[in-house]
Chemist: 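Take this structure, written in structure tokens, and hold onto it; I'll ask about it next.
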Amino acid sequence: MITGRLQNRTPDDIQVDALSSREWRICDNRIAQDNALSLIGFIDKHHGIYEVMEFIDPVEHSHFPSLETAISHFITTDP
């Protein structure tokens with residue numbers, strides 16, 4: 001089962017890796033990188049809009065006006 005947003009996640013818990021000039025991979029630092037469960041989503045920029053694909057059950061798609069707000073979508077608690 002994919003737990004996704006069921007777990008609290010602070011800004012320090014996420015890692016953002018640029019894959020290209022318009023694509024980012026989002027991982028949970030608390031899970032070993034060689035574990036597929038560390039991958040929690042992707043951000044993809046299309047025509048100035050940032051699309052988030054978050055791996056929860058079911059997979060969720062959201063849209064945001066900036067990269068910062070797209071990244072903050074993965075944060076589920078205050079630091």
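Computed from heavy atoms alone, side chains included, the values below leave out hydrogens, waters and symmetry copies. These figures come from a predicted structure and were not determined experimentally.
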Chemist: Under 3.5 Å, is there a donor-acceptor pair between the T69 and S72 side chains?
Modeler: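 Checked: T69/S72 side chains show no N/O donor-acceptor pair below 3.5 Å.
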Chemist: Could you work out, with side-chain hydrogen bond (donor to acceptor under 3.5 Å, both in side chains) as the rule, every residue matching Q15, not counting sequence neighbours?
Modeler: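 With sequence neighbours excluded, Q15 shows a side-chain hydrogen bond (donor to acceptor under 3.5 Å, both in side chains) to D17, Q33, given in chain and number order.
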Chemist: Within this structure, what is the CG-CD1 distance for the pair D13 and I75, rounded to the nearest 0.5 Å?
Modeler: 9.0 Å
Chemist: Determine whether the side chains of E51 and H61 contain a donor N or O and an acceptor N or O closer than 3.5 Å.
Modeler: yes
Chemist: So which atom in R9 and which in F74 form the shortest heavy-atom distance, rounded to 0.1 Å?
Modeler: NH1-O, 2.8 Å
Chemist: Within a strict 4.5 Å, meaning less than it, do heavy atoms of the W24 and L19 side chains meet?
Modeler: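 They are not in side-chain contact.
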Chemist: Evaluate H63 against Y50 for ring pair (Phe, Tyr, Trp, His ring centres under 6.0 Å), listing each step before the verdict.
Modeler: CA-CA 6 Å; H63 297 89; Y50 294 83; over 10 Å; no
Chemist: Of the options D28, N29, I40, which is the one that meets I14 in a side chain to side chain contact (heavy atoms under 4.5 Å, CB included)?
Modeler: I40
Chemist: How would you list, by chain and number, every residue that makes a side-chain hydrogen bond (donor to acceptor under 3.5 Å, both in side chains) with S62, sequence neighbours excluded?
Modeler: E60
Chemist: Within this structure, what is the OG-CZ distance for the pair S20 and R25, rounded to the nearest 0.5 Å?
Modeler: 11.5 Å
Chemist: Show the numbers, then the answer: is there a side chain to side chain contact (heavy atoms under 4.5 Å, CB included) between H73 and E54?
Modeler: CA-CA 9 Å; H73 178 75; E54 184 176 13; 3.0 Å; yes
Chemist: Please round to the nearest 0.5 Å and tell me the distance separating atom CG of N8 and atom OG1 of T76.
Modeler: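 Reported value, rounded in 0.5 Å steps: 4.5 Å.
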Chemist: What is the distance from atom CD1 of I26 to atom CE of M53, rounded to the nearest 0.5 Å?
Modeler: 11.0 Å
Chemist: Is the ring pair F42/F55 parallel, tilted or perpendicular, if the boundaries are 30 and 60 degrees?
Modeler: perpendicular
Chemist: Looking at residues at least two apart in the chain, or sitting in another chain, which of them share a side-chain hydrogen bond (donor to acceptor under 3.5 Å, both in side chains) with R22?
Modeler: D44
Chemist: Begin from the C-alpha positions of V52 and F64 and carry the test side chain to side chain contact (heavy atoms under 4.5 Å, CB included) through to its verdict.
Modeler: CA-CA 8 Å; V52 167; F64 298 92; 3.6 Å; yes
